[in-house]
Colleague: 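What follows is a structure written as structure tokens; I'll ask about it next.
Below, chain A is the first sequence line, B the second, and so on; all start at residue 1.
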Protein chains: 2
Amino acid sequence: MDLNRKRNARTRPESNRLSHEIEDYLKAIYKIVESESPRPATTSAVAAALSVSPASVTSMLKKLHAMKLVRYERYYGVSILPAGRKIALEVIRHHRLLELYLQSALGYSWDRVDAEAERLEHVISEEMEDRIDALLGHPTVDPHGDPIPTKNGVVARPSHRGLTDLSPGETAVVCRVADQDGAKLRYLATLRLVPGARVTVVEKGPFGEPLVVRVGKSRHVLGAELASQVKVRPGASLRRKVRR
Amino acid sequence: MDLNRKRNARTRPESNRLSHEIEDYLKAIYKIVESESPRPATTSAVAAALSVSPASVTSMLKKLHAMKLVRYERYYGVSILPAGRKIALEVIRHHRLLELYLQSALGYSWDRVDAEAERLEHVISEEMEDRIDALLGHPTVDPHGDPIPTKNGVVARPSHRGLTDLSPGETAVVCRVADQDGAKLRYLATLRLVPGARVTVVEKGPFGEPLVVRVGKSRHVLGAELASQVKVRPGASLRRKVRR
DNA sequence: TCCATGAGTTTGATGCGCCTAAAATAATCT
DNA sequence: AGATTATTTTAGGCGCATCAAACTCATGGA
């Protein structure tokens, strides 16, 4: 019985893929650097994003640098190189397609979708990605309102602001809730603060906080922390746009 | 920024789950011991099943023994304990539900299904398992004809024999093709040897090999190796049963 | 202008999980 | 019993994580 042992498979989930960890690091770095509020990608920012010690980040960064996925210089931050960006976007594409799929095909509730996608994103094949994409009709945004990168790595720039940026009296439509935390998402959902909802800012406290908003007939008070996660497109409601 | 570092998450895909590797070992051991042709689960049998060195198996076996998932004694084989069996069946349930789902919901072809399920099975949550199960109408067999274990670990005993067990002249219905190898599956599919197909044994060589069979209007010659993987239910065709 | 200090980062030692090859040992066959 | 075969041990590797100690660097007085 001559065994054919090749399987480094644990490390490379599909054929030629990188480890889950590497994918997670790249995704995190990408999100820090290229989100709508770009911070410098410091070691500790990455560590916090991944709930990992800074020491771990440092060594992974060296490795990613050696792989030319990232540009890293001791004591300064990291930035993503095109190859790394490409991988990050693939993972994010998986994640968002999966979120949408889980919700629309499997009936997942909005707030459960993220955790499941988090695990699946590293594991699905390109075939599965394509089939899901086709089945959903090549969607461009996920259930949270985040844009889904295309296969060639193009991400639509989301044209929205945080709820905190509105002035009292302004009305806008929620197009996205940026938080990952299921509990926060559920809480916001109970307030009807979900994508598509129409919201009006009634009052704003001294330093933007607290924020009093009206959704439908009810009023709610939000802290700045939470409110900034609720992204809105000012003015017209989605419905309005359809009516023309 | 006090980081909350807990994430042994790599090792435990979902909340309280075991590592992928442990799941794979248990699945392999279960399949060896409790398949329709039960062999003793020797170290090398497990090694071969997982494409891993015997040395690795030995150490994993010790560990599984310590975890009381398996009964292992040096130089004798392994057997599964109830707790280990339960886990193996959960994984197998995932696998088979996924195979069926990928085929019927995502349009996967028969022979691609196994590889994708192999990766997903370790990663899906119980919620996903349940949703898929419900969506498929609580199925009892997968696309290969293998029974799907129930949530409480009951597996229907498949009442079928290998094609090699038939005598010349006998006709039977393929109910399962047991192989994992996509290429073999595809080859058998080109011969129309897929679940549901009606097959007649025309001739049998000296030691059961080669086997000449008729499928529809065509005749094919098969080696014993391949033929034994084609499982059949003798006599009636599926269709017959429906007509009553 | 220079340096002490503290926040943030990196190093070095270590651990854990899973793997391997080669050497040692036990079971089995003739 | 001796040869063959299967299994286990030993020693080591790779990936990714941690902690604690050592290091950078920007900064804010003296």
Side-chain angles (χ1 to χ4, degrees), chain A residues 1-13 16-29 32 39-67 69-79 87 122, chain B residues 1-13 16-29 32 39-67 69-79 119 122:
Chain A
M1 314 276 107
D2 202 343
L3 309 179
N4 62 327
R5 47 193 71 130
K6 295 169 196 169
R7 72 138 34 186
N8 242 8
R10 183 168 53 92
T11 321
R12 303 183 278 108
N16 55 355
R17 266 226 207 113
L18 302 157
S19 74
H20 299 183
E21 286 77 12
I22 289 183
E23 293 186 347
D24 279 335
Y25 274 93
L26 290 172
K27 190 173 86 165
I29 296 167
I32 293 169
R39 297 172 290 149
T42 63
T43 298
S44 43
V46 176
L50 294 172
S51 299
V52 135
S53 76
S56 312
V57 176
T58 298
S59 53
M60 180 57 99
L61 255 33
K62 283 195 217 162
K63 184 181 178 179
L64 294 178
H65 182 78
M67 296 169 88
L69 297 174
V70 123
R71 207 175 113 63
Y72 161 68
E73 222 157 345
R74 284 160 85 260
Y75 290 104
Y76 293 84
V78 226
S79 53
I87 292 162
H122 303 293
Chain B
M1 314 283 107
D2 201 342
L3 309 179
N4 61 326
R5 48 193 72 128
K6 291 170 199 170
R7 71 135 36 186
N8 242 7
R10 182 169 54 90
T11 320
R12 302 183 279 107
N16 55 355
R17 269 228 206 111
L18 302 156
S19 74
H20 298 183
E21 286 76 14
I22 289 182
E23 292 185 348
D24 278 335
Y25 274 93
L26 290 172
K27 191 173 84 163
I29 296 167
I32 292 169
R39 296 172 291 150
T42 64
T43 299
S44 43
V46 176
L50 294 172
S51 300
V52 136
S53 75
S56 311
V57 176
T58 299
S59 54
M60 180 58 99
L61 255 34
K62 282 193 217 163
K63 184 180 177 181
L64 294 178
H65 181 79
M67 296 168 90
L69 298 174
V70 124
R71 206 175 114 65
Y72 161 69
E73 222 158 343
R74 282 163 84 261
Y75 291 104
Y76 293 85
V78 227
S79 54
R119 276 174 284 114
H122 303 293

Colleague: Given atom CG of B:L61 and atom C1' of C:dG17, what is their separation to the nearest angstrom?
Modeller: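 About 16 Å, once rounded to whole Å.
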
Colleague: Tell me, please, which residues at least two apart from A:A55 pass side chain to side chain contact (heavy atoms under 4.5 Å, CB included).
Modeller: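 With sequence neighbours excluded, A:A55 shows a side chain to side chain contact (heavy atoms under 4.5 Å, CB included) to A:S53, given in chain and number order.
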
Colleague: Find the distance B:I22:CD1 to C:dC16:C1' and express it as a whole number of Å.
Modeller: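 Those two atoms, CD1 and C1', are 12 Å apart.
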
Colleague: Roughly how far, to the nearest 0.5 Å, is CZ of A:R17 from CD1 of A:I22?
Modeller: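 With rounding to 0.5 Å, CD1 (A:I22) is 12.5 Å from CZ (A:R17).
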
Colleague: Base, sugar-phosphate, or nothing for B:T43, non-hydrogen atoms under 4.0 angstrom?
Modeller: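 Sugar-phosphate, no base atom in range.
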
Colleague: Look at B:Y75 and C:dA24 and indicate whether a side-chain polar atom (N or O) is within less than 4.0 Å of OP1 or OP2.
Modeller: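 The answer is no; no side-chain N or O of B:Y75 sits under 4.0 Å from OP1 or OP2.
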
Colleague: Between A:Y72 and A:H65, what is the ring plane arrangement, given parallel below 30°, perpendicular above 60°, and tilted in between?
Modeller: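 Rings of A:Y72 and A:H65: perpendicular, over 60°.
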
Colleague: Measure from the side-chain heavy atoms of A:Y76 and tell me the nearest of C:dA21, C:dC19, D:dA26.
Modeller: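 Ranking C:dA21, C:dC19, D:dA26 by closest atom to the A:Y76 side chain puts D:dA26 first.
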
Colleague: Looking at C:dT20, C:dT10, D:dA17, which one has an atom nearest to any side-chain atom of A:E21?
Modeller: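 Nearest listed nucleotide: D:dA17.
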
Colleague: So, is A:R74 near the phosphate of D:dC25, with a side-chain N or O under 4.0 Å from OP1 or OP2?
Modeller: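 Answer no for this pair, as no side-chain N or O of A:R74 is under 4.0 Å from OP1 or OP2.
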
Colleague: When rounded to the nearest 0.5 angstrom, what is the spacing between OG in A:S51 and CG in A:D24?
Modeller: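 With rounding to 0.5 Å, OG (A:S51) is 11.0 Å from CG (A:D24).
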
Colleague: Just to be sure I understand the rule, does B:T42 reach a base, reach only the sugar-phosphate, or reach nothing, if contact means heavy atoms closer than 4.0 Å?
Modeller: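 It contacts sugar-phosphate atoms only.
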
Colleague: Would you say B:K62 reaches D:dT9's phosphate, i.e. side-chain N/O to OP1/OP2 under 4.0 Å?
Modeller: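 Yes, within the criterion.
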
Colleague: Give a yes/no answer on whether the side chain of B:T58 brings an N or O atom under 4.0 Å of OP1 or OP2 in D:dT7.
Modeller: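 So the side chain of B:T58 is outside the cut-off, no N or O lying under 4.0 Å from OP1 or OP2 of D:dT7.
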
Colleague: Return the value, rounded to whole Å, for the distance between atom CE of B:M60 and atom P of C:dC16.
Modeller: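 Spelled out: CE on B:M60 to P on C:dC16 is 16 Å.
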
Colleague: When rounded to the nearest 0.5 angstrom, what is the spacing between CG in A:L18 and CG in A:L64?
Modeller: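 Output value for this atom pair is 9.0 Å.
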
Colleague: Could you tell me whether the phosphate oxygens of D:dT8, OP1 or OP2, come under 4.0 Å of any side-chain nitrogen or oxygen in B:Y72?
Modeller: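 So the side chain of B:Y72 is within the cut-off, an N or O lying under 4.0 Å from OP1 or OP2 of D:dT8.
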
Colleague: Would you mind telling me which of C:dA22, D:dC19, D:dA17 lies closest to the side-chain atoms of B:A55?
Modeller: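 Of all the options, the side chain of B:A55 is nearest to C:dA22.
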
Colleague: Round to a whole Å and report the spacing from NE2 of A:H20 to P of C:dG17.
Modeller: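 Going from A:H20 (NE2) to C:dG17 (P), I get 18 Å.
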
Colleague: Does A:S56 put a side-chain nitrogen or oxygen below 4.0 Å from OP1 or OP2 of D:dA17?
Modeller: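 For A:S56, the contact criterion (side-chain N or O under 4.0 Å from OP1 or OP2 of D:dA17) is not met.
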
Colleague: Is there a side-chain contact between B:S44 and the phosphate of D:dT7, meaning an N or O under 4.0 Å from OP1 or OP2?
Modeller: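 Looking at the OP1 and OP2 atoms of D:dT7, one of them is under 4.0 Å from a side-chain N or O of B:S44.
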
